[in-house]
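Just so you know, these numbers use all the heavy atoms, side chains as well, and skip hydrogens, waters and symmetry mates. This structure is a prediction, so every number in the text was calculated from the model and none was measured.
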Amino acid sequence: MKSVTQQVNNTATGSETTKNAGVTNTRETKQTTGKQLVAIIFILSLATKMFMLPVFLIQETGRDGYIVLALYGAFDLLTLVPIIIAVRMADVDMFELLSSVLGRVGAKITVGVFWLFLFFKLNMSVSEILTFYNTNILTEFDTSMMLIVLLVFLAAVGTHTLRALSRLNEILAPVIVVCLAVLVAIVLMTRFDFANILPAVADGKRFSSALVKHPAWVGDFAPLLLFVGRTKTKKRTWCFAAGSGVIGTSVAVFFAIAMSAAFGNVPELVDATTNISNILQFSVGNVYGRIDMFSSVLWSVSVFIEAGLFFYATARCASFVIGKSAHFIISIGNCVMVYIVQIFAFTDPMYFSVTVTSYVCAIGTAAVAVIMPCLVIVCAAVYKRQKRLSKVGEN
């Protein structure tokens, strides 16, 4: 009787109690809506591509930095296509799809590799958050204390449901959109000399070097694989989802063009502090009390959302691999590992730069970003075929 009562309570609250350890299916499996998915795709398409990536690309290739960023954005949009297809195809989550086709052991190995990818991307997001706030806003605040505050937020995300995270994003997305619109308007009113981005690809060797060294910034849509089998979609959801990705990527490219126009001819002057807000400090925005800085701070919330999504995905992948649903303990463990990486490895920006631009990270990140969505689609197709044959056999 107690077990039945608990199941009813779980159904009512939508909690993430699982029937098998590590599986993220719940009694109420559809925890997000198509509208929330569209908003999340917009955030993921631009979040980290507007922080440190333009800086690294301009330092590497000068005025052509925006072209490399645009190519990365196009790559991510291509990986988004199989993810959207998988979300529409599957009736069960990613873990069950992989287990049904690859077997329990094969699925755990695959998810373990995916966890490494997600953990790496999580640390990139966290490092960029700390760099942005430490050099532009909270300059007098201790980095380790700032990290602890951020990890408290991430731990809370890891212990909540996908529904709660999606609703938080749905609430904040309109604010982020408005702030981005303000920044775009300021850039246009300031009348940047966009002719500075020409001629394009004047130095092919530097351009090629930048292109092959920075793919660590692709794969931002990977956490959406956790939405497979758990999203209520409508007939045109995929159209709005794809459009949201294109718009978000276009916004990121626009600001990269602005930074390339400002610093493309003097790449030695660009550093971690030369974000989109600082290059506008003598613009029309300054007349109204640095509304560009205010908008930038609110816009930066998008990276918190992205970090939260990556943290949630790492926690659920770890839960599946170890076969336990102790989300609080797993979230704390993830926080400890992130703290160690940030304090003992990425404290020096040079270590961060060398790590993320290494060929190992570049090749590994791009490979996982392509392989995982395609693998989930294949597993979804095989699962549906197995289910159909099973029904035929029963009849």
Side-chain angles (χ1 to χ4, degrees), residues 16 18-38 40-41 44 75-115 117-118 161-163 165-166 218-242 244-245 309-310 312-314 316-321 366-394:
E16 295 206 61
T18 59
K19 58 182 180 181
N20 294 313
V23 178
T24 57
N25 273 349
T26 66
R27 294 290 177 180
E28 190 179 350
T29 57
K30 303 296 185 179
Q31 295 195 30
T32 62
T33 65
K35 180 181 177 181
Q36 292 169 340
L37 179 65
V38 168
I40 289 175
I41 288 175
L44 291 177
F75 179 90
D76 268 349
L77 289 175
L78 289 176
T79 65
L80 178 62
V81 173
I83 294 176
I84 293 175
I85 294 173
V87 170
R88 287 182 57 83
M89 283 180 59
D91 295 325
V92 294
D93 68 16
M94 177 186 74
F95 303 112
E96 187 166 343
L97 291 175
L98 294 176
S99 298
S100 66
V101 177
L102 305 178
R104 195 70 173 173
V105 175
K108 287 193 174 188
I109 293 174
T110 302
V111 173
V113 174
F114 190 46
W115 177 87
F117 164 84
L118 294 169
T161 63
L162 188 61
R163 176 184 291 106
L165 185 56
S166 298
V218 302
D220 288 339
F221 294 123
L224 296 178
L225 289 174
L226 273 292
F227 287 70
V228 172
R230 309 174 71 190
T231 306
K232 301 175 185 176
T233 60
K234 296 182 180 179
K235 188 175 182 179
R236 295 186 179 180
T237 295
W238 69 273
C239 295
F240 290 109
S244 177
L309 285 166
F310 274 102
Y312 175 88
T314 58
R316 294 306 178 267
C317 286
S319 177
F320 176 78
V321 171
V368 175
V370 172
I371 292 172
M372 276 303 297
C374 294
L375 180 60
V376 172
I377 280 187
V378 172
C379 291
V382 172
Y383 181 86
K384 291 185 73 172
R385 184 173 181 274
Q386 290 174 344
K387 194 173 179 180
R388 185 170 58 252
L389 291 176
S390 177
K391 287 183 178 180
V392 172
E394 290 176 359

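Here the OG1-CG distance, from T79 to L77, works out to 7.5 Å after rounding to the nearest 0.5 Å. Taken from CD1 in I40 to CG in L162, the straight-line distance is 7.0 Å, to the nearest 0.5 Å. Remark: F114 CZ to T314 OG1 distance equals 10.0 Å, nearest 0.5 Å. Separation of atoms CZ (F310) and CG (L226) is listed at 10.5 Å; rounding is to 0.5 Å. If you take CG on L102 and CG on L375, they are separated by 5.5 Å, rounding to the nearest 0.5 Å. Remark: D91 CG to K387 NZ distance equals 5.0 Å, nearest 0.5 Å.
S166 contributes no side-chain N or O that, together with a main-chain N or O of L37, makes up a donor-acceptor pair within less than 3.5 Å. Formation of a donor-acceptor pair under 3.5 Å by the R88 side chain with backbone atoms of K234 is found in this model. Panel note: side chain S244, backbone V38; a donor-acceptor pair is recorded below 3.5 Å.
At most 12 non-hydrogen atoms from other residues, nucleotides or ligands lie less than 6.0 angstrom from CZ of F240.
Counting all heavy atoms, side chain and backbone alike, I84 lies closest to W238 at CG2-CB, 3.6 Å. Heavy-atom minimum distance, A86 versus V376: CB-CG1, 3.9 Å. In this structure, F117 and G219 approach most closely via the heavy-atom pair CZ-O, 3.7 Å. Residues Y312 and T161 come closest through the heavy atom pair CE1-C, 4.1 Å. The minimum heavy-atom distance linking C317 with L118 is given by the pair SG-CD1, 3.7 Å. Closest approach of T231 and G34 over heavy atoms only: CG2-N, 4.1 Å.
Put simply, the side chain of F320 does not reach to within 4.5 Å of the side chain of L98, judged on heavy atoms. Residues V101 and V378 form no side-chain contact, since every pair of their non-hydrogen atoms from C-beta on lies 4.5 Å or further apart. Counting heavy atoms from C-beta on, the side chains of V87 and V228 come closer than 4.5 Å. Side-chain contact between W115 and V321 is absent, with no heavy-atom pair separated by less than 4.5 Å.
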Walk me through whether I83 and M372 qualify under side-chain contact (heavy atoms from CB on, under 4.5 Å).
CA-CA 9 Å; I83 294 176; M372 276 303 297; over 6 Å; no

